Amino acid sequence: MKKIKCECGHINPEGTVLCEACGKPIEENQHIEGNDKRKLLNMRYDGTARRSLTYNRSIVDKIWSFFSSVKVGIWLIVITLIASAIGTIFPQEMYIPAEAPSRDPAIFYEAEYGIFGKIYYQLGFHNLFSSWWYMILIALIGISLVICSLDRFVPLYKALKKQKAKRHETFLSRQRLFSETKQVSEEEKQKVVEALKKQRYNIQNENGHILAEKGRFSRWGPYVNHIGLIIILLAALLRFTPFLYLDEYVWVREGEEKVIPGTDGEFYIKNKAFTLDTYDIDDVENERFKEAIKKEGEPIAENYESDVVIYQAEKSAVTGAEPELKKIIEDNITVNNPLKFSGFTLYQAGYQLNEFKTMSFNVHEKNDPEEKALGTFTIDLMSPEREYKLDNGFRVKVENYYPDYYLDNGEPRSESKYPRNPAFVLWVYPPGSEERELSFIGIGKNIESQGENKYKIGIEDFEMRDVSGLTVRRDYTLPLFIVGAAIFMIGVIQGMYWYHRRIWIHPKGDGLLLAAHTNKNWFGIKKDIEKVISDTEINMVVDQQELED
Amino acid sequence: MDWISISSFMLYTAFIIYLIATFFFGATIKDKNKEHKKGIAGTIGITLTIIGFLAQMGYFIARWIASGHAPVSNQFEFVTSFGMTMVLAFIIIYFIYRLSILGLFALPVAMLLIAYASMFPTDIAPLVPSLQSHWLYIHVTTVALGIGILGISFVAGLIYLIREVDQSVRNANSIWLEIVIYTLFLFIGYIVITTAFSITDYHAEFEYPSDNNVLTVEYRLPAITGPNEGNLLSEGAMQPWFESPSWVDAKKLNTVIWSFFSGSIIYGLIRLIFRKRFGAVVQPFLKKAKPDLLDEISYRAVAIGFPVFTLGGLIFAAIWAQIAWDRFWGWDPKEVWALVTWFFYAAFLHLRLSRGWHGKKSAWLTVGGFAIIMFNIIAVNLILAGLHSYA
Ligand code: HEM
């Protein structure tokens with residue numbers, strides 16, 4: 001490696017733009033930071049040698065340079081930004097409304113949004129945020145973050161550590177804020193130093209050359225925040241492992257007890273009751289909401305709540321035997337109040353009101369105006385039996401069951417497997433006879449096959465219940481996200497609300513040169529300087545910035 | 001008086017005070033004093049601004065008491081808070097930089113926001129279950145504060161552009177600047193026309209088929225465009241000139257058309273009177289403001305606002321979403337647009353690290369950032385409704 005020795009005696013690594021110790025521009029390297037064309041020195045990394053700008057021979061060098069370029073980083077951010085925006089033009093696949101005529105994305109987008117919808121779907125924008133190329137964009141941002149931070153942090157850290165109070169004259173005169181004063185007394189200079197100390201500047205004095213510095217730690221802000229971002233990206237990666245991240249959904253009916261998915265049969269849940277409350281306008285408490293509720297036109301939900309019991313299965317000695325359940329928690333779950341146990345969290349996520357639980361029927365003679373029951377039977381709608389034997393010898397056989405009945409072009413079908421609108425095709429066998437009769441029965445429907453049945457089936461009664469939809473989560477990556485976000489916030493605050501300010505005083509003849517640099521908030525450092533020189537004859541620094549647009 | 005009328009009264013008062021304060025900031029243009037030295041007009045201006053801000057705080061508190069929850073739960077309440085935080089951000093920046101001209105632009109923008117907000121239903125509404133969380137207040141107020149500060153960067157950027165762009169020539173800079181100003185006039189048009197017809201209490205009811213139902217919709221502006229296959233029910237109301245396609249919300253489209261109409265007329269009148277671009281009319285008054293200070297302020301506002309926005313719009317949002325909806329991030333349109341906003345300002349900060357991105361380019365970026373913020377508030381609600389459809 002070619003080292004560069006500066007006239008101050010300091011030995012700089014290859015690629016250095018400004019001597020690490022005295023700041024004198026190193027002649028042959030000025031093009032690197034574009035200083036050769038300008039009066040002002042580029043101070044971003046104090047003119048340190050950065051790997052990305054120094055070596056450009058091997059393929060590794062090229063990749064390194066590519067990813068450490070802020071320009072490339074910005075492009076990656078901008079492309080991701082535009083892609084994300086496009087991803088919101090039409091709903092993402094998971095947000096296709098439940099009431100859409102077809103939720104199949106291949107049909108939905110074209111049917112709803114025409115040709116644009118079709119293109120959108122074919123380009124994969126309907127699932128943008130889990131598409132491979134979106135992931136790659138995010139990954140590239142991550143790689144870029146790591147490389148650019150390493151590329152700059154190490155040299156910057158070293159340079160700030162090695163910097164000397166005594167700086168080369170050209171270094172000062174080519175700072176944005178600079179002034180020269182021909183005649184300054186030692187006393188005045190002392191006053192300035194005292195005033196700087198009062199403003200909490202750290203003072204280094206090297207034979208009368210002064211470096212006053214404060215807020216250096218704010219320079220590490222970007223590196224801290226980038227570390228936070230990297231942790232967040234890692235956490236997002238870890239989500240793909242099922243042990244660290246589990247996401248299940250369970251429907252539990254009122255009164256039902258079932259195993260909680262994802263817990264390997266260890267935990268069971270029982271739904272005691274689901275309640276949906278709406279705002280009651282007659283309640284004086286809600287008087288103030290009257291107008292809004294009226295405008296809404298339908299009741300506004302106030303609370304969704306599932307009262308549940310969680311059981312833990314005791315490991316039973318006999319495999320296959322029903323596990324012994326031990327109650328561990330009895331509590332309610334509402335939106336914004338999930339239930340936590342053993343690393344799992346249950347959220348109130350959905351509900352289904354008034355699902356049918358059981359239905360009881362009677363058999364009577366068709367032309368009996370009083371419909372006197374000859375026999376009754378009850379069907380459990382979640383698990384109907386094949387045949388029911390009635391007390392007085394009648395038998396009823398279930399030919400067909402449509403839990404969620406609808407007519408599809410004259411064909412009876414079931415929309416779902418949930419008993420929301422149950423209907424049956426039943427065979428009725430009178431006592432001691434094989435002369436069976438066919439009946440179709442559902443809510444508000446009672447049809448006989450040939451119209452010459454002797455017996456008729458009627459609905460006597462039914463029981464309804466609600467269903468709670470709960471998400472089951474186990475997420476061990478959350479702490480990592482929290483740590484990442486916290487580090488990110490610390491980093492941005494460190495970098496944005498504090499400033500690295502440096503003021504150099506360089507004795508020259510009977511007077512001195514004064515120069516200053518800050519990484520942001522120039523207005524603030526000018527105010528600092530105004531204050532410290534206010535009692536002296538020292539000239540105020542001139543802002544030499546070349547405003548370009 | 002009950003709390004709710006106190007709160008509307010306070011908001012109205014705040015609005016009027018901001019208006020008067022604007023005139024005082026306008027008067028500072030004539031001040032012979034050097035900038036950052038306090039002139040009397042500027043002092044009165046900032047004092048009034050603070051009083052107006054306190055009045056608006058009064059609105060906020062009274063409405064909180066009246067409804068039992070922090071007034072940040074619907075479009076009216078949220079955008080009003082945005083106007084309020086923008087005034088707060090202006091006050092803070094004023095005390096750092098003492099630049100009175102900033103008030104001349106910041107207050108009208110804040111007033112425009114408050115007026116825009118007031119066009120939405122102002123009834124206090126109960127909270128649906130997912131909103132019943134303290135995180136609602138924490139998240140929304142922090143977001144409002146963040147975008148309020150970012151809004152000031154837009155204001156400083158806009159002043160910079162009006163001052164620096166040569167408006168006597170026709171080029172991309174001057175045309176785009178005029179488009180931005182024209183857009184602000186469309187908001188004025190929207191507010192004027194909505195207020196006018198709400199004073200005359202205009203109503204027109206339509207019924208129209210949707211899937212298998214017949215729905216009704218009530219227009220508060222005469223229908224230039226009616227619902228698809230709609231049928232006017234109200235007597236004496238204007239028949240629509242044309243029907244909207246079935247996939248758009250006809251009422252919203254109608255409002256947009258009216259805003260364009262009336263905004264363009266107001267803009268046209270002003271151009272007729274001055275026979276110049278609006279920007280060119282204002283430009284001579286801005287000579288005193290130093291461009292590099294404006295540039296610094298607009299950058300500084302982003303530096304201050306970015307962490308606040310990150311905290312409120314991403315981190316607090318994620319915490320709440322985790323508690324309420326079992327996932328801290330769901331790619332819902334509002335969330336994605338918060339991310340887009342965040343990416344945008346991150347790109348801005350990185351661009352400022354390099355040479356050549358100060359001055360005009362930087363000012364244009366602050367305009368772009370504000371456009372994204374407004375897009376998230378207006379368009380995402382109107383067009384891309386999601387979980388956040390309430391605000
Ligand atoms: C979404 C992703 C990113 C965010 C939110 C972010 C955030 C930030 C912030 C807030 C700063 C401080 C800026 C300032 O002080 O004015 C910063 C600085 C910086 N960022 Fe990023 N960054 C991101 C991605 C990247 C990428 C991909 C690169 C790679 C090229 C990069 C390179 C840098 C550099 C070189 C600095 C300046 C460091 C210094 O001043 O010492 N950033 N970043």
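All chains are named by letter (A, B, ...) in the order of the sequence lines, taking the proteins before the strands, and each is independently numbered beginning at 1. Computed from a prediction, not measured in an experiment: that's the story for all the values here.
- Looking at N519(A), neither its backbone nor its side chain comes within 4.5 Å of chain B, counting heavy atoms on both sides.
- With a threshold of 4.5 angstrom between heavy atoms, F488(A) approaches chain B through side-chain atoms but not through N, CA, C or O.
- For L339(B), the part sitting under 4.5 Å from any heavy atom of chain A is the side chain, from C-beta outward, and nothing else.
- No more than 12 heavy atoms of other residues, nucleotides or ligands sit less than 6.0 Å from atom NE2 of H134(B).
- Across all non-hydrogen atoms, the minimal contact from K527(A) to I96(B) is NZ-O, 3.7 Å.
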Tell me, with the steps shown, if W522(A) and D292(B) meet side chain to side chain contact (heavy atoms under 4.5 Å, CB included).
CA-CA 10 Å; W522(A) 293 84; D292(B) 56 344; over 6 Å; no
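- In this structure, I493(A) CD1 and F306(B) CZ are separated by 11.5 Å, a value rounded to the nearest 0.5 Å.
- Under a 3.5 Å cut-off, the side chain of Q92(A) and the backbone N or O of W331(B) do not form any donor-acceptor pair.
- Taking the side chain as every heavy atom from C-beta outward, L478(A) and Q322(B) approach each other to under 4.5 Å.
- Proximity to chain B is absent for every atom of Y245(A), based on heavy atoms less than 4.5 angstrom apart.
- With contacts defined as side-chain heavy-atom distances shorter than 4.5 Å, the pair R327(B)/R473(A) qualifies.
- K71(A) does not touch chain B: none of its heavy atoms, backbone or side chain, sits under 4.5 Å away.
- For Y497(A), the part lying under 4.5 angstrom from a heavy atom of chain B is the side chain only.
- Considering CZ of F328(B) and CG of D475(A), their distance stands at 6.5 Å, rounded to 0.5 Å.
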Please lay out, stage by stage, how I304(B) and M496(A) fare under the test side chain to side chain contact (heavy atoms under 4.5 Å, CB included).
CA-CA 7 Å; I304(B) 299 173; M496(A) 296 294 184; over 6 Å; no
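- Proximity to chain B is limited to the side chain of I300(A), based on heavy atoms less than 4.5 angstrom apart.
- For a residue to count as touching a neighbouring chain, one of its non-hydrogen atoms must lie under 4.5 Å from one of that chain's; by this rule L311(B) touches chain A with backbone and side chain alike.
- When F129(A), F481(A), W75(A) are compared by the number of non-hydrogen pairs under 4.5 Å with chain B, F129(A) comes out ahead.
- With a threshold of 4.5 angstrom between heavy atoms, A318(B) does not approach chain A through any atom at all.
- Among I315(B), I319(B), I297(B), T341(B), the residue making the largest number of heavy-atom pairs under 4.5 Å with chain A is I315(B).
- Chosen from A347(B), P126(B), A303(B), A66(B), the residue pairing most often with chain A at heavy-atom distances under 4.5 Å is P126(B).
- When every heavy atom of A85(A) is checked against every heavy atom of V340(B), the shortest pair comes out as N-CG2, 4.0 Å.
- For chain A, the nearby parts of S133(B) are the backbone and the side chain; heavy atoms of each come within less than 4.5 Å.
- Of the listed residues (V336(B), I372(B), V308(B)), the greatest number of heavy-atom pairs within a distance under 4.5 Å of chain A belongs to V336(B).
- Proximity to chain A (any heavy atom under 4.5 Å) is shown, for W135(B), by neither the backbone nor the side chain.
- Of the atoms belonging to N303(A), it is backbone heavy atoms, and not side-chain ones, that fall under 4.5 Å from chain B.
- Heavy atoms only, all atoms of each residue included: W320(B) and N336(A) are closest at NE1-OD1, 3.4 Å.
- For the pair T88(A)/K334(B), no side-chain contact is recorded, criterion being any heavy-atom separation below 4.5 Å from C-beta on.
- H350(B) and V70(A) get closest at one heavy-atom pair: CB-CG1, 3.9 Å.
- In this structure, chain A has heavy atoms under 4.5 Å from both the backbone and the side chain of L351(B).
- F343(B) approaches I77(A) most closely through the heavy-atom pair O-CG2, 3.5 Å.
- A distance-only check finds no donor-acceptor pair linking the side chain of Y347(A) to the backbone of I323(B) [under 3.5 Å].
- Taking CG of L353(B) as the start and CZ of R152(A) as the end, the distance is 8.5 Å to the nearest 0.5 Å.
- When all heavy atoms are compared, the tightest approach of V335(A) to A324(B) is CG1-O, 3.8 Å.
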